[in-house]
There are 2 protein chains.
Amino acid sequence: MTGPLHQRIRSDIEARIRSGEWAPGHRAPTEAELLAEYGCSRMTVNKAMTALVEAGLIVRRKRAGSFVARPKVHAPVLNIPDIQSEIVARGETYAFRLLARAVRTADRDAPEEVELAAGGKLLALEGVHDAGGRPFALERRLVSLKAAPEMEAADFARVPPGAWLLEHVAWTEAESRISAVNADADDARLLALDEGAACLVVDRRTWREGQHVTRVRQVFPGEAYDLVARFGPGA
Amino acid sequence: MTGPLHQRIRSDIEARIRSGEWAPGHRAPTEAELLAEYGCSRMTVNKAMTALVEAGLIVRRKRAGSFVARPKVHAPVLNIPDIQSEIVARGETYAFRLLARAVRTADRDAPEEVELAAGGKLLALEGVHDAGGRPFALERRLVSLKAAPEMEAADFARVPPGAWLLEHVAWTEAESRISAVNADADDARLLALDEGAACLVVDRRTWREGQHVTRVRQVFPGEAYDLVARFGPGA
DNA sequence: CGCTTCAATATGTATAGACATATTTGCGAA
DNA sequence: TTCGCAAATATGTCTATACATATTGAAGCG
């Protein structure tokens, strides 16, 4: 390691934790011991230890000391790439076919739609993402025109709705639910599958500053699509 | 905000980014400007800005300044809880039924098994996680006894294999693939489903220090299980 | 013996200054 | 005009010090 000293200290300690040399619960050296070992100031070892705390590898308690954390829940980073990028990265041609587009008011009997619309109108979109000329994913989306009014004029032949929103309504927060369903007759027809084929469904709701922006349901043929999540506990 | 000053500076800036007041590409104040505004030392504003860089909200370039990052790929944090904790949290009784257990050598025709075994033997496990007395997930697992030799003596009635590994082989890294399949005859029987029912499959491989530890395939009834991922871009 | 109090300890936050480093910008020379 | 070099600038790292704060462990007291 030739980089900054605080990084070297950090990776030295991280290596001992990941190798199991320091098991969970093991007491790590105090800052005083580390600064003596590395011959540096306290701020430098503090920076290293603080980073390890953020990474979830170390738990610190005043007076008691620093301890190797107990890995709890796996919190992997799931890669939900933009569908267009994903397809282009595979070297296939990409296209978005808009099947239906409507501007309407929220259905009063659907509380979720009412909340999404927030008193304004809704843009309802339905389309298919094609990869290499064949259906890759089916997308049904509701957009709050109150949250994204410019979207009413957008042309989705150029930029698909997801990418348009990412571009124009940045820094949103979202919650995705991933599940598996059997394709119904509509899904099967649009995705060129047999009815009943297993499909991966990503149901995503997106907010900005607490305001609901969009809700989308993407259906992928189960055999053609994998979501990949990589992780170390806390890394 | 009454907490530490660096945190207050951080959240002030974060709020302006998330609200859209500072769009992606916008140039944020320099450290000199911030320390004048907050009347603090440079180390303090630097700590705030460094945290925003780690969070992916800010990109900094020497001489040029600090800029609001362009949100790229959604990298949500996916919650893959331990199945046992998940079931217990729902208030249902949990049990793991071990259906098959074998110690064997790797199949020479399966390169993945050979790599996992790394010259040693493999422990093959098959079992069902029950929630409230009904099948919740089907698990088929291979464990490298070279990486986890103590596992040969473990009793999985007490602690299911996943939890056992988390406890004894901490700080692993993993990759999960999430897909959807139609239940085959075996899956359907063990999970008490109709054949062909859509199931969510999590395929996970786990390493420690580059050494392959285990590979597990968990099959969940599609109708009974959702994976939930929450995220803001880079948060 | 149990309770309270107090001091020692290790971390948490912050300062003011210093030098290093990368990058932009502008000036001067080919 | 264009290329290349040098100065200005903003961040990156580090030091030495100081005081705040939470927690532990031990001393003191009823």
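Protein chains get the first letters and strands the later ones, always in sequence-line order, with residue 1 at the start of each.
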J.: Compare every heavy atom of B:Arg10 with every heavy atom of B:Ala51, then report the nearest pair and how far apart it is.
T.: CB-NH1, 3.6 Å

J.: On DNA chain D, compare the nucleotides closest to A:Pro4 and A:Lys62; which residue's is nearer the 5' end?
T.: A:Pro4

J.: Is there side-chain contact between B:Tyr38 and B:Asp12, with heavy atoms separated by less than 4.5 Å?
T.: yes

J.: Is it true that B:Arg60 and B:Glu31 make a salt bridge, defined as a side-chain N closer than 4.0 Å to a carboxylate O?
T.: yes

J.: What residues in residues 43-51 of chain B put a non-hydrogen atom under 4.0 Å from any atom of DNA chain D?
T.: B:Met43, B:Asn46

J.: Relative to the 5' end of DNA chain C, which residue comes earlier, A:Val53 or A:Arg63, by the nucleotide with the nearest heavy atom?
T.: A:Arg63

J.: Check the distance between C:dA14's C1' and B:Leu5's CG and give it to me in whole angstrom.
T.: 9 Å

J.: Taking all heavy atoms of A:Glu33 and all of A:Thr30, pick out the closest pair and write down the distance.
T.: OE1-N, 2.8 Å

J.: Check A:Asp203 against A:Arg215 and note the closest heavy-atom contact, atom names and distance.
T.: OD1-NH2, 3.2 Å

J.: What is the distance, rounded to the nearest whole Å, between atom CZ of B:Arg8 and atom P of C:dT13?
T.: 16 Å

J.: Tell me which residues in residues 26-38 of chain A lie within less than 4.0 Å of DNA chain D, going by non-hydrogen atoms.
T.: none

J.: For a quick test of reading the model, state the closest non-hydrogen atom pair linking B:Arg208 to B:Ala170 and the distance between them.
T.: NH1-O, 3.4 Å

J.: Extract, from 5' to 3' on DNA chain D, the first and final nucleotides lying under 4.0 angstrom from some heavy atom of chain B.
T.: D:dA8 to D:dC14

J.: C:dG12 P sits how many Å from A:Leu52 CG, rounded?
T.: 12 Å

J.: With rounding to the nearest 0.5 Å, note down the distance linking NE2 in B:His6 to CE in B:Met49.
T.: 14.0 Å

J.: Quick test of your reading of the model: are A:Arg16 and A:Glu14 salt-bridged, counting only N-O distances below 4.0 Å?
T.: no

J.: Say whether A:Glu139 and A:His129, considering side chains only, have a donor N or O and an acceptor N or O under 3.5 Å apart.
T.: yes

J.: Between B:Arg61 and C:dT24, is there a contact of a side-chain N or O with OP1 or OP2 at under 4.0 Å?
T.: yes

J.: Run the ring pair (Phe, Tyr, Trp, His ring centres under 6.0 Å) check on A:Phe136 and A:Tyr225 step by step: do they pass?
T.: CA-CA 9 Å; A:Phe136 180 80; A:Tyr225 196 66; 5.4 Å; yes

J.: Looking only at heavy atoms, what is the nearest atom pair of B:Ile80 and B:Ser176, with distance?
T.: CD1-OG, 4.1 Å

